[in-house]
Each structure stands twice: as C-alpha cells, then as structure tokens.
Amino acid sequence: MRHQPVLLVIAHGSRDPRHAATVHALVRRVRAKRPGLRVETGFLDFNIPSVNGVLESLAAEGVRDVVALPLLLTRAFHAKSDIPTVLRAAPRHLRIRQAEVLGPSPLLLSALERRLYEAGLTPADKSSTGVVLASAGSTDPEALAVIADLARKWRQTGWHAVRPAFASASGPRTEDAVRALRELGCARVAVARYVLAPGFLPDRIARGAAEADVLADVLGPAPEVARVLLDRYDEASLPALAAVG
C-alpha cells in the first residue's frame, strides 16, 4: 500500500491575526478538496505551531515522508534560504521534499480576476480598465522578473493595461502605478493584490490604491489557490510515492 506524504504548508507568519486566519482558511479548503490527505500548517515566525515543532511532532508519530510547501508566490529569500535552513534541521529520519512555490501559474491569474470581479468589475470592463498588479516586493531579481512577466501575460488576456507595483524593496509603488494608468487614459483603474493573506504590506498596497476605482481583496482561500497548492504537492510527492510503490 502506498502512503501519501504528509503535506506541510509553510507560511511566513505575522503579528496581524488576519494572516494566520487566512492561512488556516486556505488549508481547510485544501483538506476539503482532498479529504484523504493529511495537511499540517507551520509558521516561520510570529505564529504557532512553528515549522520545527510540526516536524518534530510528525517524527515522533513515526511519519517518514513529508512534502514541505512554501506558501509563497515567488522564489525569493524565504524559499531559497530560510525554508531550506529550517528543513535541514528536521529530525534525520524524515524524508522531506520541498515543493515549488505557488507562482507563477495561470490559475493564480484566474484567482486575481475572481477577486477583481468580486470587487465590482465585469468581463466587459476589461478592455477599458487598467490594472495595477501589486505585490509585496523583493530584492531578488528573479522574483521581480516573475512579477513583470506575469503583468505582461495578464495584459494579453484583454485588459487595457497592466502595470506591476511593489509595496517594499523596489518601485514603482501602487500609487505611482495608479497615476501612470490614469495618464495612459484608462477609463478606470483597478488594483489587484497579488498577496496571499492580509498584513502590513497588503495594507500598504490598500493605502496606495486610494485613488483607484477598484481595490480587490487578497487571494486568500480562493479555490484556484487551493488547486495550485495541490498541484505543487502532487509534483513534489511523485518521487516519494514511486519509491514505496
């Protein structure tokens, strides 16, 4: 009999209680989509349980295989350094595979559009609407390039224009991108928050969207996000299943 690896969702954590609540809501949706899969949640900072604590508990239960999935949209410092460092400190008999981050994915673009439509836009608005693709920001060139490429691809789906913006580390800021789209002649400007959960930086994006016509909610537990999460798990768990098959 093949045993599925445990899925450990690794979230950053935040002092803002909305962050953990949103992460748990997303994990509940993942469990509902795949009832037979064991899904645990660990946080890198601020919240409990910690990633280390979850791994130690799993090891004590006799679990052998774990897929550690970074709840991140781009491969930046946390995915490349923080999380691998934590996983290397896990109990030795655990076989841990680190899954890829969630983005980029066409499903995440679908989730972004879902949030814009929930905020009041319709598909008929696309050709006259400029969108600010607002993310947390990073000093990692790879992460910045992914956001820029995502904006280009999203523009090709019919929006009048799509401009990236960042809440930290690099520019332009959300308010600058909003003004640029106004100057471009967009009939309306919408801000799509390419972030997973509420917190300090998503709130900064919201403040920068003060002059926009529409502000979408964070991605949160959107069904498309849950689907991407399970896709990443499946990609990472295939070698583990083959090894015991």
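Excluded from the calculations below are hydrogen atoms, water molecules and symmetry mates; all remaining heavy atoms, backbone and side chain alike, are included. Counting begins at 1 with the first residue of the sequence.
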Within a strict 4.5 Å, meaning less than it, do heavy atoms of the Y117 and P123 side chains meet? yes
Tightest non-hydrogen contact, residues C186 and H160, listed as SG-CD2, 3.2 Å
So, for E40 and L58, which heavy atoms are closest and what is the spacing to 0.1 Å? CG-CD2, 4.4 Å
Could you check whether atom CZ of R227 has more than 12 heavy atoms from other residues, nucleotides or ligands sitting under 6.0 Å from it? no
Spacing of CD belonging to E211 relative to OG1 belonging to T174, to within rounding of 0.5 Å: 12.0 Å
Residue pair R28 / P221, side-chain heavy-atom distance below 4.5 Å: no
Lys/Arg N to Asp/Glu carboxylate O, R182 vs D213, below 4.0 Å: yes
Nearest heavy-atom neighbours spanning R97 and A236: CD-O, 3.1 Å
Give me the atom names and distance for the closest heavy-atom approach of P5 to V67. CB-CG2, 3.9 Å
More than 12 heavy atoms from other groups under 6.0 Å of CD1 on I48: no
Considering all heavy atoms, the nearest P202-V195 contact: CG-CG2, 3.8 Å
For V101, does its backbone N or O pair with a side-chain atom of R232 as donor and acceptor, under 3.5 Å? yes
Within 6.0 angstrom of E142 CD, more than 12 heavy atoms from elsewhere: yes
So which atom in A151 and which in V162 form the shortest heavy-atom distance, rounded to 0.1 Å? O-CB, 3.6 Å
Which side-chain hydrogen bond (donor to acceptor under 3.5 Å, both in side chains) pairs, counting each pair once, include a residue from residues 185-201, with sequence neighbours left out? S128-R188, T129-R188
Please check if the number of heavy atoms outside K33 that lie under 6.0 Å from its NZ is greater than 12. yes
